[in-house]
Amino acid sequence: MPVPDPSDDPLSRERAHLTHSRAALRSMREDVESLDIRDVTANWVNAEVLSRQIEERVKALADLSHTPLFFGRLDYLHSPGADQAEGAEGERFYIGRRHVHDADGDPMVIDWRAPVSQPFYRASKKNPLDIALRRRFGYTGGDLTAYEDEHLSDPADSAGDAATSKLLQQEIERPRVGPMRDIVATIQPEQDEIVRSGLGGSVCVQGGPGTGKTAVGLHRVAYLLYAHRDRLARTGTLVIGPNASFLHYIEQVLPALGELEVKQATVDDLVAHVEVRGTDEAPAAVIKGDARMAEVLRRAVRSHVTMPVEPVMVVRGSRRWRVPAYELEVIVRELLDRDIRYGAAREALPQRIAHAVLVQMERSGEAPDDRVQDAVARNTAVKAAVKSLWPPVEPAKLVLRLLSDADFLATHAEGLLTEDEQKTILWARPVRSVKSAKWAAADAVLIDEATDLVQRTHSLGHVVLDEAQDLSPMQYRAVGRRCTTGSATVLGDLAQGTTPWATRSWEEALTHLGKGDAVVEELTAGFRVPTDVITYASRLLPHIAPGLTPVASVRENPGFFEVRPATADSGDTAATMATEVVAACEELLRNEGSVGLIAADARVPLLTEALAAAGLPHLGPGEETTLATRLTLVPASLAKGLEYDYVVLDEPRAVVDGEPDERTGLRRLYVSLTRAVSGLIVTHAAPLPPQLAEGAGAL
């Protein structure tokens, strides 16, 4: 029997292409590493910059052993067109996370963001986009193990668009261990439209649990960096998340796509002008976060300006030049009417006064130039006038006075805040200095607003704001200041708003952000949460976000879902429940993947002791999950944005009761219920919230 030729086996040919592609990527990296810059740099500064660029390029060309170099293939019927000149007639393209070329410069793998790659995500039977065949690849670790073909332009293939790719489904439902990973192999058409939307416009994505909104936002950043690299290299990009745990969870997505320069921060990081050591009661935090505070601050800043009552006398040699008070007042009022930033106006004032002096000089027959005007602007009398008329303002001291001086606050909050609201935000005790003040998080946002009133905040080219539904109007303004000349991608779910100031509508939120013209897109197809789990959690929607479309899971695997009431009659209910929770964790740890134990914050110490007593090691939110330690104990307040293969949810009633009001508590419960990728066990001794009852309607 003749030995079969390996070249006749499609899988062998694809494996060979993978081997050659990896070798080509290694050669690309070696070429960069071997660059000699000693004779091409003019000085040490240029050499340092170029060395850093080379270092970043080497990192971007890393071959991640367990990450497929390509995940798909497109066979075109014809050339993709003049604007995609790479494609000759009938040419084949391998689609991957980054571009790879051989020694001759011919592409072996095409970046998923390139225009020629777009049909991999958009082509269908109804609209094949000139694609004859779309091939998806399956991997085990870093080894190519399977492939699956779709003949999009073959009329004899009647499978139609309804046919679901098995490999695609497997990739979507693959267990998750460790940080969030990219979704370049599974981006859906509706997601791709958002990912590839232009840099000039802002986009708001409303998406329920598991719809992939965070991944879409991160991949949009990667796409924009590909399409507008030079511009964004100058202006910068930023991803803003709700907390450090969330940022740690998503931090590997962009580097896996070769993008290493995107910075991450929380809103608290952005406004860290003072050390936050205090906390506000909810009513005070709500008022401080209200957009009306922006006008209170504006009034307070401008109140430092005073109208002149005396002239300015400038001595130049033997001549004396007098600028009368009425002329000074005109200058001051013109600057106020321009409504420019306080600091910019203060810098312009001495030049305006000096210009008035130069006009007098010219009328007397002199011919002063710009150097004379600069000298007059630095004159002692002019400096003294500026200090008196337009004194410097320190933002932190201004906010300190507003929060500790009842009369000062009343003057500038008149007609904006009621007397009761003013009393609510006033500090009970006087504070001597900025350093000794116990600033709360909302105070830092006020200081950031005041800082921007004095001096313009640096604007970035693009900002991604995730879990945006939890921001206050003043926090939206703080983020908006970072992208006044750029664009934004806003991601969130109104049903998951769990702060007392949670967003009521995206229209209102985008107005505060300064992006009122942003396009609002809604994602309703669920790729992460199993059908039974999201159906159960969606019973809460009529109570927490009436009008929102429930998420429809597209997963073939319905997932594992069970509600377990307490089974023992022991009087020590807390101990009994802790034992049953531990048993549920042990049961789920027998499966592959990560396990999250989510509980009301107040119950975390009890469960920590129970896990320790059972010898079950566990992590905190955001810590690296490993094969040895796959269990994470998550306070409900930190669960938002995280996901685990399996979740044990402890005492739903306690999660609801842990919030200041029932609506917020139900939203927190909705978040906690929807963190599972493969299965959920709900354990409880107390009665479940009635809103979870079968067929529960709106209140």
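None of these values were measured; they are calculated from a predicted model.
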task: Output every pair passing ring pair (Phe, Tyr, Trp, His ring centres under 6.0 Å) with a member in residues 418-440, not counting sequence neighbours, ordered by first then second residue.
output: Trp427-Trp439
Check whether [X] reaches the backbone of [Y] with its side chain - one donor and one acceptor, N or O, closer than 3.5 Å.
X: Arg539; Y: Thr535; result: no
X: Asp601; Y: Ser637; result: yes
X: Asp452; Y: Thr457; result: yes
X: Trp501; Y: Leu471; result: no
X: His248; Y: Ala244; result: no
X: Asp290; Y: Met293; result: no
X: Ser202; Y: Ala518; result: no
X: Arg675; Y: Glu643; result: no
X: Asp182; Y: Val184; result: yes

Under 3.5 Å, is there a donor on one side chain and an acceptor on the other for [X] and [Y]?
X: Thr503; Y: Tyr476; result: yes
X: Ser433; Y: Ser436; result: yes
X: His462; Y: Thr489; result: yes
X: Thr498; Y: Lys640; result: yes

Out of curiosity, [X] [atom1] to [Y] [atom2], how far, rounded to the nearest 0.5 Å?
X: Gln496; Y: Thr674; atom1: CD; atom2: OG1; answer: 5.0 Å
X: Ile183; Y: Thr186; atom1: CD1; atom2: OG1; answer: 5.0 Å
X: His684; Y: Leu649; atom1: NE2; atom2: CG; answer: 10.5 Å
X: Leu426; Y: Asp405; atom1: CG; atom2: CG; answer: 8.5 Å
X: Leu398; Y: Ile447; atom1: CG; atom2: CD1; answer: 9.5 Å

If you measure from the Lys or Arg side-chain nitrogens to the Asp or Glu carboxylate oxygens, is any gap between [X] and [Y] under 4.0 Å?
X: Lys213; Y: Asp493; value: no
X: Arg564; Y: Glu580; value: no
X: Glu295; Y: Arg298; value: yes
X: Asp448; Y: Arg481; value: yes
X: Glu449; Y: Arg477; value: yes

Can you find a heavy atom in the side chain of [X] that is under 4.5 Å from one in the side chain of [Y]?
X: Arg603; Y: Met577; value: yes
X: Val262; Y: Leu218; value: no
X: Thr211; Y: Val205; value: no
X: Leu409; Y: Ile425; value: yes
X: Ser472; Y: His512; value: no
X: Arg292; Y: Leu417; value: yes
X: Leu513; Y: Val479; value: yes
X: Val221; Y: Glu259; value: no

task: Could you walk me through whether Asp645 and Arg630 pass the salt bridge (charged side-chain N to carboxylate O under 4.0 Å, His left out) test, one step at a time?
output: CA-CA 10 Å; Asp645 280 293; Arg630 295 182 290 119; over 6 Å; no
Other residues, nucleotides and ligands only: do more than 12 of their heavy atoms fall within 6.0 Å of [atom1] on [X]?
X: Arg432; atom1: CZ; value: no
X: Glu507; atom1: CD; value: no
X: Glu281; atom1: CD; value: no
X: Glu587; atom1: CD; value: yes

message: Let's go through Arg667 and Glu659 carefully: what are the C-alpha distance in whole Å and the side-chain angles of both, what is the deciding distance for salt bridge (charged side-chain N to carboxylate O under 4.0 Å, His left out) to 0.1 Å, and is it a yes or a no?
response: CA-CA 10 Å; Arg667 288 184 170 186; Glu659 299 298 327; over 6 Å; no
- prompt: Does Arg401 count as lying over the ring of Phe408, i.e. NZ or CZ under 6.0 Å from the six-ring centre, within 45 degrees of the axis?
  reply: yes
- request: State, to 0.1 Å, how close Ala468 and Val490 come at their nearest heavy-atom pair, and which atoms those are.
  value: CB-CG1, 3.5 Å
task: Determine, step by step, whether Phe560 and Glu562 satisfy the side-chain contact (heavy atoms from CB on, under 4.5 Å) criterion, reporting the C-alpha distance in whole Å, the side-chain angles of both residues, the deciding distance to 0.1 Å, and the verdict.
output: CA-CA 7 Å; Phe560 173 77; Glu562 186 177 347; 3.5 Å; yes
